[in-house]
Number of protein chains: 2
Amino acid sequence: MKSETRKNDIIKTAAKLFKSKGYSAVTMRDLATAMDMKAASLYNHISSKQELLKTIVVFIAEEFTNGMRQIQASEKSNIAKLKAIVALHVEITAKHTNGMAALNNDWMHLEDQLEHYLQLRTEYETSFLDIIEHGIASEEIKPSNPEIIMFSMLTTLRSLYLWMPKKGRLNSQELSQNLSDIMIDGIIKS
Amino acid sequence: MKSETRKNDIIKTAAKLFKSKGYSAVTMRDLATAMDMKAASLYNHISSKQELLKTIVVFIAEEFTNGMRQIQASEKSNIAKLKAIVALHVEITAKHTNGMAALNNDWMHLEDQLEHYLQLRTEYETSFLDIIEHGIASEEIKPSNPEIIMFSMLTTLRSLYLWMPKKGRLNSQELSQNLSDIMIDGIIKS
DNA sequence: TGTCATAACTAACACTTGTTAGTTTATAGA
DNA sequence: TCTATAAACTAACAAGTGTTAGTTATGACA
């Protein structure tokens, strides 16, 4: 049986390289060098460069989708749901810091799985927007433009991978709390 | 004299392509096709692919730096300075929507100009953080973690290019106002 | 009309790309 | 010890890369 851990190492290394240069700029020879082997040897473990991207992106995207479904099905208030989304992003980003780069920046290079990815993404954003709109209707949230609220929160959360590595000392719970405070309560001292 | 407008068209088209696929994935033949000519003909107007990236990225980065210097030198309150930063991003993004993609995602492919770019970027972030820290000291801003505040605002502002094209109907002033409201005052109805 | 610059073209270059074929080495179980 | 398998290797391919050289068509102006 081929070693699954070896394949996993390759995927992790690929994710790290994709983060630093982007999918297109990373060559199989780059990846091989980082793994301390020759490019051809990679194909004992994986079937193509595209498979690497697909594995990374689709796996994480599905984790987000599952998390969002749970949140939406829960009985929390809408504000509490937003806080749960923040925690979801912090948690997944902590687990897949490098992979988040590909998810954010290289999804357009997916081939077979592009449509599937876009479907997951649309579902996620629709749910997010839905929670905000319900929050406005129930007067938990100010009657601002819901799309701008979502855009503002989501882009911050999507960029966490760039920034969390530098802040390793903050644990996940503290970071979630801080982010929720800032994004939900604002920064102004009133 | 070679037509500057032709060169400008090429740069604009390059920025559009860079936005959709990233610098590395765009070939000179892609660019030529989009310009309705052959790849070799591009070199009557530009000297290299790298020059395209450099022109796009450095030009916009310098615009940000200049804007930030003006804001910092102004006599506004710190909250007003933050609002001015929001307006700066909205304004520059409206003017260089496609170029913002390269600025955000492809700066690492700069060669000669990488160091210069990083210098501008560091200066910008230092100023941003400085304003937040002064705002906290003067009790305009809640005593939250200033780096998280900057991260949250800056990533939202840097991602505007992805989202503004879909919201063409909002004019710049309205958008700046909405963003400032959400990021500074928060979204919760108290 | 002849001259010259602009801006397009074709053809080709040297190099890099992802990937395949075929081979060798090391290790674990019979 | 023999055998099977995993996992590395060398060598090479066909296609694609950025870029250069040399040529041609167009139009402005003396």
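Only heavy atoms go into these numbers, but all of them, side chains included; no hydrogens, no water, no symmetry mates. Only a predicted model underlies this, so the values are computations on that prediction, with no experimental measurement involved. Chain naming here is simple, since letters A, B, ... match the order of the sequence lines and numbering starts at 1 in each.
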Between [X] ([atom1]) and [N] ([atom2]), how many Å, whole number?
X       : N      : atom1 : atom2 : answer
B:Met37 : C:dT10 : CE    : C1'   : 15 Å
A:Ile10 : D:dA8  : CD1   : C1'   : 11 Å
B:Leu42 : D:dT20 : CG    : P     : 13 Å
B:Glu4  : C:dA5  : CD    : C1'   : 16 Å
B:Met35 : C:dC9  : CE    : C1'   : 15 Å
A:Leu31 : C:dT19 : CG    : P     : 11 Å

Carboxylate-amine/guanidinium proximity below 4.0 Å for [X] and [Y]:
X        : Y        : result
B:Asp185 : A:Lys142 : no
B:Glu111 : B:Lys54  : no
A:Arg69  : A:Glu123 : yes
B:Lys7   : B:Glu51  : yes
A:Glu140 : A:Lys76  : no

Go through [options] for me and flag the one nearest to the [X] side chain.
X       : options               : answer
A:Tyr43 : D:dC9, C:dT19, C:dA8  : C:dT19
B:Lys38 : D:dC9, C:dC9, C:dT19  : C:dC9
A:Met28 : C:dG18, D:dC9, D:dT17 : C:dG18
B:His45 : D:dT10, C:dA7, C:dT19 : C:dA7

Q) Ignoring hydrogens and angles, does a donor from either the side chain of B:Arg29 or the base of D:dG18 sit under 3.5 Å from an acceptor on the other? A)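 Side chain to base: pair present.
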If you look at every heavy atom in [X] and [Y], which pair is closest and at what distance?
X        : Y        : result
A:Leu88  : A:Ile71  : CD2-CD1, 4.2 Å
A:Leu179 : A:Thr156 : CD2-CG2, 4.3 Å
B:Ile149 : B:Ser144 : CD1-CB, 3.9 Å

Q. Near DNA chain C, under 4.0 Å by heavy atom, which residues of residues 11-27 of chain B?
A.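 Close to the strand, none.
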Q: May I ask you to list the residues of residues 48-57 of chain A, by number, that have any heavy atom positioned under 4.0 Å from an atom of DNA chain C?
A: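 Per residue number, the list reads A:Ser48, A:Lys49.
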Q. Could you run down nucleotides 21-29 of chain D 5' to 3' and tag each one B, S or - for protein heavy-atom contact under 4.0 Å?
A. B--------
Q. How about A:Asn66 and A:Gln70: does a side-chain donor come under 3.5 Å of a side-chain acceptor?
A.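 Judged by distance alone, the side chains do not pair up.
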**Q.** Any side-chain donor near an acceptor of the partner, B:Thr155 and A:Thr155, under 3.5 Å
**A.**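 Not at all, the side chains of B:Thr155 and A:Thr155 share no donor-acceptor pair under 3.5 Å.
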Q: Decide if the gap between the ring center of B:His89 and the ring center of B:Tyr124 is smaller than 6.0 angstrom.
A: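 They qualify: ring centres under 6.0 Å apart.
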**Q.** Side-chain N,O (B:Ser41) to OP1/OP2 (C:dA7) below 4.0 Å
**A.**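 For B:Ser41, the contact criterion (side-chain N or O under 4.0 Å from OP1 or OP2 of C:dA7) is not met.
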Q: From the options A:Trp107, A:Tyr161, A:Tyr23, select the one residue that forms a ring-ring contact (aromatic ring centres under 6.0 Å, His included) with A:Phe18.
A: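 Per the ring-ring contact (aromatic ring centres under 6.0 Å, His included) rule, the option paired with A:Phe18 is A:Tyr23, out of A:Trp107, A:Tyr161, A:Tyr23.
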**Q.** Position toward the 5' end of DNA chain C (nearest nucleotide), A:Ser47 or A:Asp30
**A.**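 Nearest nucleotide further toward 5': that of A:Asp30.
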